[in-house]
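These numbers come from the heavy atoms of this one structure, side chains and all, not from hydrogens, waters or symmetry mates. Just so it is clear, the model here is predicted, and its values are computed rather than measured.
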Amino acid sequence: MYLCKRKAYKFCNLVTLIFLSVTIISCSFSPINPDTKIIVSKVKFDISVPEKIRNNINTFIIEKDLSTKEVAFSEFKFKENNFFGGENLGSLESEVTGSIQIKILNGKEHTKKISSTKRFNTQSLNPLAQKELIKIMHIEIIEDLNKKILLYLKIHEDKQS
């Protein structure tokens, strides 16, 4: 009797695992097709915009004189906050926020500030490890901002069409 129940649970677990795998694989989607190109007449970057964002944006944007749309990126900032507390008043959590402002000129001026925030626990980290983790968070924030910028530009392009 015990062996039969064990085989039944093993079968149920296998079925559940297969079902979840198929569900997760079938639900994955990309909000932006990598073949999608955004057509604008001019792209401007402020000095504060990092090279990684510039390179990523330039791969998805095509500059043509046929378009009347201009896009300007400015005011890129990183901001770090530490939250202190506990018995020794050490840093419990850190928060890194990156933001960039986008202006789209197409007859009207549309301005949008896009930001990304990452929080992490620093209670058990030494200062050197915390600095390295902040560097990693900067990279993740830039990647997240790239995705949000492209999504915003694509949505704005679809509204104009």
Side-chain angles (χ1 to χ4, degrees), residues 20-86 89-161:
L20 287 175
S21 298
V22 169
T23 304
I24 290 172
I25 290 170
S26 66
C27 290
S28 66
F29 69 97
S30 176
I32 294 178
N33 187 356
D35 297 334
T36 302
K37 299 291 183 185
I38 300 167
I39 299 171
V40 298
S41 64
K42 189 185 265 187
V43 180
K44 297 179 188 175
F45 293 102
D46 192 3
I47 296 172
S48 63
V49 179
E51 195 67 31
K52 285 186 178 183
I53 292 180
R54 290 179 190 200
N55 291 340
N56 191 34
I57 301 264
N58 285 332
T59 58
F60 286 98
I61 291 181
I62 298 174
E63 291 187 41
K64 289 188 179 178
D65 292 334
L66 300 174
S67 176
T68 59
K69 187 188 307 182
E70 291 184 15
V71 180
F73 299 94
S74 61
E75 297 181 25
F76 179 81
K77 296 177 189 171
F78 271 123
K79 184 178 173 185
E80 297 175 18
N81 291 325
N82 291 319
F83 300 101
F84 297 95
L89 291 177
S91 175
L92 295 176
E93 280 190 338
S94 287
E95 178 182 73
V96 180
T97 303
S99 63
I100 191 168
Q101 186 169 357
I102 303 172
K103 288 183 186 176
I104 299 176
L105 303 169
N106 190 13
K108 297 181 195 175
E109 182 177 318
H110 300 277
T111 304
K112 174 85 173 177
K113 189 170 191 173
I114 296 177
S115 65
S116 177
T117 303
K118 301 285 183 189
R119 278 185 116 161
F120 54 94
N121 186 1
T122 59
Q123 191 171 9
S124 61
L125 296 176
N126 63 31
L128 183 60
Q130 184 174 350
K131 286 180 184 178
E132 289 300 317
L133 192 57
I134 287 174
K135 287 180 186 177
I136 293 170
M137 290 299 136
H138 281 240
I139 293 168
E140 287 185 15
I141 286 174
I142 287 176
E143 290 174 0
D144 192 40
L145 282 174
N146 280 333
K147 291 175 188 174
K148 288 181 179 182
I149 289 168
L150 292 173
L151 184 63
Y152 175 70
L153 291 175
K154 183 62 182 159
I155 289 171
H156 192 272
E157 186 180 56
D158 289 344
K159 284 182 182 178
Q160 298 299 321
S161 299

Could you state the interatomic distance from [atom1] ([X]) to [atom2] ([Y]), rounded to the nearest 0.5 Å?
X	Y	atom1	atom2	value
Leu145	Ile102	CG	CD1	8.5 Å
Lys64	Ser41	NZ	OG	12.5 Å
Lys52	His138	NZ	NE2	11.5 Å
Ile141	Phe78	CD1	CZ	5.5 Å
Asn58	Glu51	CG	CD	8.5 Å
Lys44	Leu105	NZ	CG	7.0 Å

Could you please spell out the steps behind the side-chain contact (heavy atoms from CB on, under 4.5 Å) verdict for Lys135 and Ile139?
CA-CA 7 Å; Lys135 287 180 186 177; Ile139 293 168; 5.8 Å; no
Mind checking whether Ile57 and Val49 have side chains closer than 4.5 Å, heavy atoms only?
no
Verify, without hydrogens or angle tests, whether [X] (side chain) and [Y] (backbone) share a donor-acceptor contact under 3.5 angstrom.
X	Y	result
Arg119	Glu93	no
Ser116	Gly98	no
Asp144	Glu140	no

side-chain contact (heavy atoms from CB on, under 4.5 Å), that's the test. Do Lys77 and Lys79 meet it? Break it down for me.
CA-CA 6 Å; Lys77 296 177 189 171; Lys79 184 178 173 185; 6.0 Å; no
Taking all heavy atoms of [X] and all of [Y], pick out the closest pair and write down the distance.
X	Y	result
Phe73	Val43	CE1-CG1, 3.9 Å
Asp46	Glu75	OD2-N, 3.5 Å
Glu63	Lys42	OE1-CA, 4.0 Å
Ser115	Ser99	CB-CB, 3.8 Å

